[in-house]
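Structure first, commentary second.
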Amino acid sequence: MSTSLASDLLEQLREHGAIPRHVAIIMDGNGRWARERMLPRPLGHRSGMKSVREVVEGAIEAGVDVLSLFAFSQENWQRPAGEVSALMSLLEEYIQKEADELDAQGVQVRMLGELSRLTPPAAAAVDRVMRQTAHNSKLRLNLFISYGSRAELVRAARLLAEDVAAGRIAPDQIDDAAFAAKLFTADCPDPDLLIRTSGEQRISNFLLWQVAYTELFISPVLWPDFGRRDLYEAILDYQNRDRRFGRVAV
Ligand code: IPE
Ligand code: IPE
Ligand code: MG
């Protein structure tokens with residue numbers, strides 16, 4: 001399969017049917033990609049930008065509705081200051097370079113996370129691209145920046161507690177739907193498929209609530225080498241899964 005052309009794989013997965021509505025990706029391995037080439041880590045991050053372009057285009061071609069990309073975690077703030085500032089600059093540069101193209105492709109860009117921690121120029125760029133693309137509906141692109149799932153869950157609990165304290169809802173009205181409505185992903189379906197690149201087999205605080213019944217796919221490919229063909233291979237694998245949701249297969 002690894003020698004198949006992207007177009008052949010796309011053909012195959014369209015014939016198969018069942019395209020995942022929502023694909024989430026933990027984009028990992030930029031540092032190792034750079035180290036293998038004896039380059040500084042930020043060059044690995046820079047090289048990863050073209051993979052973002054590839055998977056956005058691939059998702060549109062395949063007919064995916066929502067693409068969620070984990071770009072920067074809350075824990076990533078603890079990396080060396082030089083790497084953090086390089087990542088913030090790259091975020092700005094990505095938006096600068098790609099906003100018009102994303103808009104032309106019909107992509108609605110949403111940035112999810114504790115955005116108040118971003119540098120003012122990065123926050124301004126984020127705000128600009130969200131406003132520019134808000135009217136689009138071909139693909140929704142969720143970029144998770146300064147995001148941690150536990151913090152998102154704690155925030156949801158706090159918002160519900162405030163609603164109860166203010167008398168807007170009663171405690172027994174808190175159910176799955178009420179909880180999900182307080183998450184950053186409130187208006188999105190749960191991911192059908194979660195891909196993690198670079199071979200790591202962990203969730204690293206990404207979408208803990210939302211991946212309850214998501215199919216997982218671990219790719220050995222480092223993020224800067226990940227292209228649309230790899231995305232299609234993951235979707236083809238997903239199409240052969242038997243999703244039971246705790247029930248008995250029919
Ligand atoms: C993913 O690549 C990008 C971010 C987490 C920002 P890494 O920087 O984690 O790369 P590795 O895991 O060190 O190879
Ligand atoms: C997860 O990758 C976060 C992102 C891809 C943005 P990390 O590289 O930060 O995760 P760990 O440290 O390997 O768990
Ligand atoms: Mg990593």
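First listed ligand is number 1; within each ligand, the first listed atom is number 1.
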Q: Please name the residue in the list L216, V23, I25 that meets the side chain to side chain contact (heavy atoms under 4.5 Å, CB included) test with L194.
A: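 Filter result, single survivor: L216.
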Q. Does a donor on one side chain sit under 3.5 Å from an acceptor on the other, for R243 and Y238?
A.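 Yes, side-chain donor-acceptor contact under 3.5 Å.
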Please identify which atoms of ligand 2 are closer than 4.0 Å to at least one heavy atom of [X].
{"X": "R79", "value": "7 (P), 8 (O), 9 (O)"}
{"X": "R202", "value": "11 (P), 13 (O), 14 (O)"}
{"X": "F72", "value": "6 (C)"}

Q) Do any N/O atoms on R32 end up under 3.5 angstrom from N/O atoms on ligand 1? A) yes
Q.
Between ligand 1 and L87, is the shortest N or O to N or O distance under 3.5 Å?
A. no
Q. If we only count N/O pairs under 3.5 Å, is S204 in contact with ligand 2?
A.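 Indeed, backbone or side chain, S204 has an N or O that close.
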Q. Is D28 close to ligand 2, meaning an N/O of one under 3.5 Å from an N/O of the other?
A.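 D28 vs ligand 2: N/O contact under 3.5 Å present.
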Q: Could you tell me how the ring of F179 sits relative to the ring of W209: parallel (under 30°), tilted (30 to 60°) or perpendicular (over 60°)?
A: parallel
Q. Parallel, tilted or perpendicular for Y213 and F245, by the 30°/60° rule?
A. tilted
Q) Between R35 and ligand 1, which part of the residue brings a heavy atom under 4.0 Å of the ligand: side chain, backbone, both or neither? A)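 Near ligand 1, R35 shows nothing, with every heavy atom at 4.0 Å or more.
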Q. Which one holds for M27 and ligand 1: side chain close, backbone close, both close, or neither close, with close meaning a heavy atom under 4.0 Å?
A. backbone
Q: Please name the atom of D28, restricted to N, O or S, that is closest to the Mg ion (ligand 3).
A: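 That would be atom OD1.
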Q | Which of the ligand 1 atoms, numbered from 1, are nearer than 4.0 Å to a heavy atom of N30 | A | 1 (C), 2 (O), 3 (C), 7 (P), 10 (O), 14 (O)
**Q.** Enumerated ligand 1 atoms positioned under 4.0 Å from heavy atoms of A71
**A.** 6 (C)
Q) Looking at atom 10 (O) of ligand 1, what's its closest protein heavy atom, distance included? A) G31 N, 2.9 Å
Q: Taking atom 14 (O) of ligand 2 as the reference point, report whether a protein heavy atom occurs under 4.0 Å from it.
A: yes
(Q) Does this structure show an ion pair linking R32 with E36, if we count only N-O contacts that are shorter than 4.0 Å? (A) no
